[in-house]
Structure formats: structure tokens, C-alpha cells
Amino acid sequence: MDGDPGAAVNAAILSKISGKSALNQQVFDNTFSVFNALKETLHEMSSELDDQLEEMGHEVKIEYRDRGKFEAQLQVADDILIFSMHSNVFEFNREHIIWQNSYVRDNKANSYCGMINIYNFLSDSFKYNRSADEGYLIGRLFVNREKQYFVEGKRQISMRHNNFGTQTISKESLINIIETAMDYAVDFDLLVPPYDTVKVVTVDQLNTKIENSKMQTGKRLGYKFNSDDI
């Protein structure tokens, strides 16, 4: 007598749920561990660099701030870098370049990654509470179940998709990622917006307690921000 086909289907579904849940938890744990190491590295680097600037007689400050479980901030003079870990685990779409990597093609489980985004804002956007100001995604770090990693982003060339699966992330890796993000942010200058972008202003934008706090500002306001080197 044949077994119950419904039971077999249920067993298969439960097995899939259990396996995917375990995989996602492993990826999350790895990413969270990396994010905490990133926070520690940011704290150490900010203290060291700030001391060096002070010794050089500069008034420019580099300050670290822990913004909670999944977020950290590094202020570099007039720029702020926000490091934000997403709580979910991601899979890449079929058109993504990561599928050209044999490490991913040979075992799909290796493609599931946690994600840490790096955003660049103007420090004045926070100082003057300009909530409409724009920030820019300048990099994102992906970490998988084996703590293998790769980085997409502006100038982030130290560990690209073609090297994914060849090296677990380390403190040296994090230092390189942070330094590259800092370097790009400092060189990413604030451009005068096109005249037509700012030629109309509302009363609400001007009639505010904090002068100009509602006037939208962004380094590329009115311009296209391309992921040309991502």
C-alpha cells in the first residue's frame, strides 16, 4: 500500500523551511558579527585619525557615533558616513554579475548574503535638521554564510564580485572599505544645483524657525548620480 502523498509533500516543505531558516540565520549572524566588528573599527579609526589631526594643528574633527543596533555614523569634517545593516538576508537577481562567479554557481547557498549599506550625507543636513536633504549610497558590503564577502561601490575595488569566495572578511578588509568610503566622500564635492532645479520655492521652505532648514540640499541635487563604477 502506497504511503500518504500529502505527508511526503508536507515533509518536503518542512525540510525546505527548516533548511532555508537555518541558512538565513547563519547569514544574519555572520553579518551582524561583521557589523559589530565594523563598529569597533570605526571607533578605533576615528580616535586615531582625530588625534593625528589635532597634532597637526587642524580643527577638523572626525567623530564616531553608535546610532543603535543596526546603524553607525562617522563624521569626517563636513561629511557624514552612515553604515546601516539591513536585518534581512538577500538573494541576487539572475542578471546580477555575481552569477559569473563559480563559487556562487557551484553552490547557490553561497549567494545568500546579508547587506551593510554605506551612505554619504552632509553633516549640516543633520546639524540643521534638513530632513529633505539627499544622501547617496556610495557602497554596500555583502557577507554570506561562510563570511566570504564582496563590495559594490564607488572606488571599492579591493574585493569585487570576481574574488567572492576567495577570502573571509577581516579587520584589514574593514579598514580598507572604510578608508575607501572616506576618501570618496571627501572628494565627492557639493555642486551648485542647476538653476531650474531651485528656481521655485514655497513659503513653508522659507518661513521656518531654523533658517533654510527646509531648503533641500544634496551633493548632486538636480544631477544624475550614476552607479558607473559599481
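The structure presented is a predicted model; accordingly, all values stated were derived computationally and were not measured.
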Q: Find out whether Y119 and R140 are in side-chain contact, i.e. whether some heavy atom of one side chain is under 4.5 Å from a heavy atom of the other.
A: no
Q) Has the side chain of R105 got a donor or acceptor atom that lies under 3.5 Å from a matching backbone atom of Q100? A) yes
Q: Might you work through the side-chain hydrogen bond (donor to acceptor under 3.5 Å, both in side chains) test for Q26 and R145, ending with a clear yes or no?
A: CA-CA 6 Å; Q26 186 175 24; R145 63 186 183 124; 5.2 Å; no
Q. Between the side chain of D50 and the main-chain N/O of K61, is any donor-acceptor distance below 3.5 Å?
A. no
Q) So do the side chains of D183 and E179 get within less than 4.5 Å of each other, counting heavy atoms only? A) no
Q.
Is there a side-chain contact (heavy atoms from CB on, under 4.5 Å) between L141 and I169? Walk through the geometry before answering.
A. CA-CA 10 Å; L141 166 64; I169 196 162; 3.9 Å; yes
Q: Might you work through the side-chain contact (heavy atoms from CB on, under 4.5 Å) test for Y112 and K20, ending with a clear yes or no?
A: CA-CA 10 Å; Y112 289 89; K20 181 62 73 67; 3.6 Å; yes
(Q) Please determine whether side-chain contact (heavy atoms from CB on, under 4.5 Å) holds for the pair T180 and V151, giving the CA-CA distance in whole Å, both sets of side-chain angles, and the decisive distance to 0.1 Å. (A) CA-CA 11 Å; T180 304; V151 185; over 6 Å; no
Q: Using the ring of F35 (Phe, Tyr or Trp, six-membered ring only), decide whether K69 places NZ or CZ under 6.0 Å from its centre and within 45 degrees of its axis.
A: no
Q. In Å and rounded to the nearest 0.5 Å, what is the NE2 to CD1 distance from H86 to I116?
A. 12.5 Å
Q: Could you check F126 against F121 for ring-ring contact (aromatic ring centres under 6.0 Å, His included), going step by step and ending with a plain yes or no?
A: CA-CA 8 Å; F126 291 87; F121 288 88; 5.5 Å; yes
Q.
For Y136 together with F188, are the ring centres under 6.0 Å from each other?
A. yes
Q) Once you round to the nearest 0.5 Å, how far does CD of E71 lie from CD1 of I82? A) 5.5 Å
**Q.** Distance in Å, D78 CG paired with K127 NZ, rounded so as to fall on 0.5 Å steps
**A.** 9.0 Å
**Q.** In one Ile/Leu/Val/Met/Phe/Trp/Tyr side-chain cluster, 4.5 Å: I97, F142
**A.** no
(Q) Once rounded to the nearest 0.5 Å, what's the spacing between atom CD of E146 and atom OG1 of T168? (A) 10.0 Å
**Q.** Rounded distance (nearest 0.5 Å) linking atom CD of Q25 with atom CG of N30
**A.** 10.0 Å
Q) Between H96 and F92, what is the ring plane arrangement, given parallel below 30°, perpendicular above 60°, and tilted in between? A) tilted
Q.
Could you check whether S111 and E91, counting side-chain N and O atoms only, form a donor-acceptor pair closer than 3.5 Å?
A. yes
Q. Which heavy atom in M182 sits nearest to a heavy atom in I62, and how many Å separate them?
A. CE-CD1, 4.4 Å
Q. So R67 and R65, side-chain contact (heavy atoms from CB on, under 4.5 Å) or not? Walk me through it.
A. CA-CA 6 Å; R67 293 170 58 97; R65 179 184 172 194; 3.9 Å; yes
**Q.** L122 to R130 - nearest heavy-atom pair and separation
**A.** CD1-NH2, 4.2 Å
Q. Do any N or O atoms from the side chain of E172 and from the backbone of L174 form a donor-acceptor pair under 3.5 angstrom?
A. no
Q.
Would the distance check show the side chain of W99 and the main-chain N or O of N93 forming a donor-acceptor pair, the cut-off being under 3.5 Å?
A. yes
Q. Any sub-3.5 Å donor-acceptor pair from N101's side-chain atoms to F164's backbone N or O?
A. yes
Q) Looking at D79 and A185, what are the two nearest heavy atoms and their distance? A) OD2-O, 3.5 Å
Q: Write down the atom of V143, the atom of K147, and the distance for their closest heavy-atom approach.
A: CG1-CA, 4.0 Å
Q. Between K39 and E44, is the closest basic N to carboxylate O distance under 4.0 Å?
A. no
Q | Least distance between heavy atoms, S46 atom then L74 atom | A | CB-CD1, 3.7 Å
Q) Between the side chains of Y103 and N162, does any donor sit under 3.5 Å from an acceptor? A) no
Q) What heavy-atom pair brings S173 and Q167 nearest, and what distance separates the two atoms? A) OG-NE2, 3.8 Å
Q. In Å, rounded to the nearest 0.5 Å, how long is the span from CG of L38 to OG1 of T31?
A. 11.5 Å
Q.
For the backbone of L14 and the side chain of S18, can you confirm whether one donor and one acceptor N or O come within less than 3.5 Å of each other?
A. no
Q) When hydrophobic residues are tied together by side-chain contacts of less than 4.5 Å, even through go-betweens, does V186 share a cluster with I177? A) yes
